[in-house]
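Read the structure below first, then the notes.
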2 protein chains.
Amino acid sequence: MKWHDLNNDTCPLARAMGAVGDRWTLLILRECFLGVRRFDGFQKRLGVTRHLLAERLKRLEAMGMLERRPYQERPLRHEYRLTASGKSFAPVLLAMQDWAQQSLPSDAPAPFTFVTRDSGDEVCPVVTDRHTGQELNHRTVLMVPATAAAAKVIEANRPAQPPDTKTGSD
Amino acid sequence: MKWHDLNNDTCPLARAMGAVGDRWTLLILRECFLGVRRFDGFQKRLGVTRHLLAERLKRLEAMGMLERRPYQERPLRHEYRLTASGKSFAPVLLAMQDWAQQSLPSDAPAPFTFVTRDSGDEVCPVVTDRHTGQELNHRTVLMVPATAAAAKVIEANRPAQPPDTKTGSD
DNA sequence: ATATTAGGTTCTATTTTAGAACTCATTATC
DNA sequence: GATAATGAGTTCTAAAATAGAACCTAATAT
């Protein structure tokens, strides 16, 4: 299977990997959220090769996550800014940063934090259900194949499941 | 910069990319959450080469996200199961799946969904603050460098920011 | 005796990535 | 006026990762 094929996969997570499933793309987005907008800014802060950076910026622009706009003429220069679609990636960054701090600890402190815009306090991200407010994690949610109302059916079968079940409870 | 260096970066997001920043690792985890446990199960469902799959499973085990345990002897066979650390990745999957469905739409429906274990209803994931319950997104949070109480300081400066600010507000 | 299943390993060929050097237009400095 | 610096790339070669297929081993099934 090729890289490119992921972009058209029916699975949203596969498409997400087609979009940000490489070493640099997500880190470029991180820099965008930190306010970096220019080619050399990304390059110096990330240490990515100029070649790859140019390619990744093009791809992010093609995906509609960044827009390239002139910030001066003579010589013409462009900067890269998050689009609405790019900004919508923030919750993923929050969830991932929180996970990494828990599960991939480091002795050095994180070089940045997320704070609320109104109080300035550091946030403590948790994924919840929009309607019930319930916290969502492996104890409260289950991933089920979407075949024919599978959710309810599988759920109904859960109390009497066989020992080698594959419902993802473990 | 090399692949390996990311694993020791001070930035949690960089370490996360060292861990799952390739095409396959996150999809292998997805299969784990769907209940797949065996080598050939992963291989057939993902279409990943056996070579890479073996390497990725080893890496996930080394990271402590999967554990390899025998499920039969003669011939000895092992299966891979999510550890507590692996299970803690669920919220990232939720956030990422939600983002991808919004921002990388497909005409085909997703092959799986997340449902709550108690009601079986499909969930609607949203990242919130554990303490205030506030929804966290680009409008409500700001990413700030962690230098010397930067959060409060930067926040205090926000009302009078210059036009070409780099605080990540756009 | 032969085929199948399960879980890999080994091989070559292709694709990606790293790293450095080069380009081009403009502005700043000696 | 010549030289250097800035900013945003592009072009090269070498190294690394990935794809794809074939092979291996141990046991069971036909």
Side-chain angles (χ1 to χ4, degrees), chain A residues 1-9 14 17-28 31-32 35-62 66-81 164 166, chain B residues 1-9 14 17-28 31-32 35-62 66-81 164 166:
Chain A
M1 188 190 266
K2 297 292 181 55
W3 219 124
H4 179 78
D5 298 343
L6 283 176
N7 298 319
N8 297 95
D9 201 287
M17 286 299 95
V20 301
D22 70 280
R23 285 205 252 344
W24 294 115
T25 302
L26 189 136
L27 299 181
I28 291 170
E31 294 303 311
C32 290
V36 176
R37 289 175 184 164
R38 300 182 185 176
F39 192 92
D40 277 26
F42 293 112
Q43 203 276 317
K44 289 198 180 72
R45 289 179 51 90
L46 292 172
V48 58
T49 66
R50 308 176 76 73
H51 179 48
L52 263 205
L53 176 60
E55 197 274 335
R56 293 293 186 264
L57 288 172
K58 255 186 205 114
R59 231 159 52 78
L60 283 165
E61 193 195 352
L66 295 184
E67 64 169 330
R68 185 163 169 275
R69 62 159 82 160
Y71 67 88
Q72 73 170 34
E73 323 201 355
R74 337 204 46 269
L76 182 58
R77 291 284 179 263
H78 297 88
E79 62 182 10
Y80 297 88
R81 283 168 180 258
D164 194 12
K166 298 208 168 180
Chain B
M1 188 191 266
K2 296 293 182 56
W3 218 124
H4 179 79
D5 299 342
L6 283 176
N7 298 318
N8 297 95
D9 201 287
M17 286 299 95
V20 303
D22 71 280
R23 284 205 252 345
W24 294 114
T25 302
L26 189 136
L27 299 181
I28 291 170
E31 294 302 311
C32 290
V36 175
R37 290 175 183 163
R38 300 182 185 175
F39 193 91
D40 277 27
F42 292 112
Q43 203 275 319
K44 288 198 180 73
R45 288 179 51 89
L46 292 172
V48 58
T49 66
R50 307 176 76 73
H51 179 48
L52 263 205
L53 176 59
E55 197 274 335
R56 293 294 187 265
L57 288 171
K58 254 186 207 114
R59 232 160 51 79
L60 282 165
E61 193 196 353
L66 295 183
E67 64 169 331
R68 184 161 170 277
R69 62 157 81 158
Y71 67 88
Q72 73 171 32
E73 323 203 352
R74 338 208 40 274
L76 182 58
R77 291 283 178 266
H78 296 88
E79 62 181 10
Y80 297 88
R81 282 169 181 258
D164 196 14
K166 299 213 168 177

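Protein chains get the first letters and strands the later ones, always in sequence-line order, with residue 1 at the start of each. Computed from a predicted model, the values in this text were never measured in an experiment. Values reported hereafter were calculated over all heavy atoms of this structure, with side chains retained and with hydrogens, waters and symmetry mates removed.
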Take atom NE2 of A:H78 and atom P of D:dG9, then tell me their distance rounded to the nearest Å. 8 Å

Taking atom P of D:dG9 as reference, at what distance in whole Å does atom CD1 of A:I28 sit? 12 Å

When the distance from CG of B:L53 to C1' of C:dA6 is rounded to whole Å, what number comes out? 12 Å

For the pair made of CG in A:L57 and C1' in D:dG9, what is the distance, rounded to whole Å? 10 Å

Is it the case that B:R56 places NZ or CZ above or below the six-membered ring of B:F42, under 6.0 angstrom from the centre and within 45 degrees of the axis? no

Closest listed nucleotide, where the reference is the side chain of B:T49 and the choices are D:dA19, D:dC12, D:dG7: D:dA19

If we ignore hydrogens and angles and just use 3.5 Å, is the side chain of B:E67 paired with the main-chain N or O of B:E61 as donor and acceptor? no

What is the distance, rounded to the nearest whole Å, between atom CZ of B:R38 and atom P of C:dG7? 6 Å

What nucleotide among C:dA18, D:dG9, C:dG7 has an atom nearest to a side-chain atom of A:R23? C:dA18

The single option from B:R45, B:R38, B:R81, B:R37 passing salt bridge (charged side-chain N to carboxylate O under 4.0 Å, His left out) against B:E31: B:R45

Give the rounded distance in Å between these two atoms: CZ of B:R74 and P of D:dA29. 13 Å

If you compare all heavy atoms of A:M17 against all heavy atoms of B:V20, which two are closest, and at what distance to 0.1 Å? SD-O, 4.4 Å

Phosphate-side-chain proximity, B:R68 and C:dG8, N/O vs OP1/OP2 below 4.0 Å: yes

Looking at B:K44, does any N or O in its side chain come under 4.0 Å of the phosphate oxygens OP1/OP2 on C:dT5? no

Quick one: which of C:dG8, C:dA6, D:dG7 gets closest to the side chain of B:A54? C:dG8

Send over the distance from A:R56 CZ to D:dG9 C1', rounded to a whole Å. 16 Å

Does A:Y80 put a side-chain nitrogen or oxygen below 4.0 Å from OP1 or OP2 of D:dG9? yes

So, is A:R50 close to the C:dA21 phosphate, meaning a side-chain N or O under 4.0 Å from OP1 or OP2? no

Can you identify which nucleotide, out of D:dA8, D:dT18, C:dT17, has its nearest atom closest to the B:W24 side chain? D:dT18

Using a cut-off of less than 4.0 Å, is there contact between a side-chain N or O of A:Y71 and OP1 or OP2 of D:dA8? yes

Just how far, in rounded Å, is P of C:dT17 from CG of A:L46? 15 Å

